Amino acid sequence: MPSQREGRNWLQRAEKVTDAIPFGFSTGVNSLPGILRGDCMVRSAEPTRQRILAAAYVLFRQRGYSRVSMDEIAAATRVTKRTLYNHFQSKDQLLAFVLEAQNELALATFGDKLSGSPAAIIDGLFRDLAVWADRPRWAGSGFTRLVIELADLPGHPARAIARRHKALLETHLGDLLKRAGVREAHRRAREIWLLSEGAISLMLVHGDRAYAAAAADAAKRLLRSSSR
């Protein structure tokens, strides 16, 4: 098991890609950033496996899937390649487990601060989006980036996880809007999610967080027009 000093070294590498923590992603004890801090090392029944997932998460986010080798992941985790392959049969499988962990953590925290009136939900959603985009070296949605990188591999498990992740967040937003009294809530959620994804892309292109506020205004106009 690595020392606390080694844990801090992993954290330093993670902090170089702080944009890696996506909207709704937990940074608590059981999150991947928490693992990097060493919070879970003692408690986890599978510390080596969790260290591998944490190191792979950082490397994939920092450099992309295709430019990271299993040798580099093993070196970052300070395990042998044999140990790495004992835990994960391939890089494809490892990526799938990394995304699955990220998906579960995001779903567990998404919507925690979104409540109240429909307008308040919209304001909270896009305000959090703007805060996320203000992180140093922010690089947009990791799920979207990986799907683009794997565009010529439609059957890749990572793409299936990304589809499910985006669909579940959209559904959850629809549930929040329904509880707030919005008519055709899941239809409105899809339209608002389109605005969210568009804002993410344009903030990344232009480096201007004002796109989040513009998307929020458009979403509230959409809700007002649909309630007439």
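What you see is a predicted model; the values in this text were computed from it and never measured. What's counted below: heavy atoms across the whole structure, side chains too, no hydrogens, waters or symmetry copies.
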Trainee: Side-chain contact test, heavy atoms from C-beta onward, threshold under 4.5 Å: evaluate it for Asp123 versus Lys220 and give yes or no.
Mentor: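 Side chain of Asp123 against side chain of Lys220, heavy atoms only: contact under 4.5 Å found.
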
Trainee: Less than 6.0 Å separating the ring centroids of His165 and Phe110?
Mentor: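 Centroid distance His165-Phe110: not below 6.0 Å, so no.
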
Trainee: Please round to the nearest 0.5 Å and tell me the distance separating atom NZ of Lys81 and atom CE of Met70.
Mentor: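 The CE atom of Met70 is 7.5 Å from NZ of Lys81, to the nearest 0.5 Å.
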
Trainee: Mind checking whether Tyr65 and His156 have parallel, tilted or perpendicular rings, split at 30° and 60°?
Mentor: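 The rings of Tyr65 and His156 stand perpendicular, inter-plane angle above 60°.
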
Trainee: Decide yes or no for Asp217 and Phe126: does some side-chain heavy atom of the first lie under 4.5 Å from some side-chain heavy atom of the second?
Mentor: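 Result no, sub-4.5 Å side-chain heavy-atom pair not found.
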
Trainee: Are Ile122 and Leu114 side-chain neighbours, meaning at least one heavy-atom pair lies under 4.5 Å?
Mentor: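 Not in contact.
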
Trainee: Is any side-chain heavy atom of Lys166 closer than 4.5 Å to one of Glu197?
Mentor: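 Heavy-atom side-chain distance check passes, below 4.5 Å.
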
Trainee: Is any side-chain heavy atom of Ser90 closer than 4.5 Å to a side-chain heavy atom of Gln93?
Mentor: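 In contact.
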
Trainee: Any side-chain donor paired with an acceptor under 3.5 Å for Glu72 and Ser69?
Mentor: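 Note: Glu72 and Ser69 side chains meet the donor-acceptor criterion.
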
Trainee: Quick one: CG on Leu176 to CG on Leu125, what's the gap to the nearest 0.5 Å?
Mentor: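 Output value for this atom pair is 9.5 Å.
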
Trainee: Should Ser115 and Ile121 count as side-chain neighbours, where that means a heavy-atom distance under 4.5 Å?
Mentor: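 Heavy-atom side-chain distance check fails, nothing below 4.5 Å.
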
Trainee: Quick one, His172 and Leu107 - any side-chain contact, counting heavy atoms below 4.5 Å?
Mentor: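 The answer is no, as the side chains (C-beta and beyond) never meet within the 4.5 Å cut-off.
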
Trainee: Starting at CZ of Phe97, measure out to CG of Leu53 and round the result to the nearest 0.5 Å.
Mentor: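 These two atoms lie 8.0 Å from each other.
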
Trainee: Quick one: CG on Leu94 to CD1 on Ile73, what's the gap to the nearest 0.5 Å?
Mentor: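 If I round to the nearest 0.5 Å, the distance is 5.0 Å.
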
Trainee: Within a strict 4.5 Å, meaning less than it, do heavy atoms of the Ile200 and Trp138 side chains meet?
Mentor: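 With C-beta onward as the side chain, the pair touches.
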
Trainee: Sequence neighbours left out, what passes side chain to side chain contact (heavy atoms under 4.5 Å, CB included) with Asn86? Give chain and number order.
Mentor: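 Per chain and number, Asn86 pairs via side chain to side chain contact (heavy atoms under 4.5 Å, CB included) with Arg82.
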
Trainee: Using only heavy-atom distances, determine whether the side chains of Ser66 and Glu149 contain a donor-acceptor pair under 3.5 Å.
Mentor: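 Note: Ser66 and Glu149 side chains meet the donor-acceptor criterion.
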
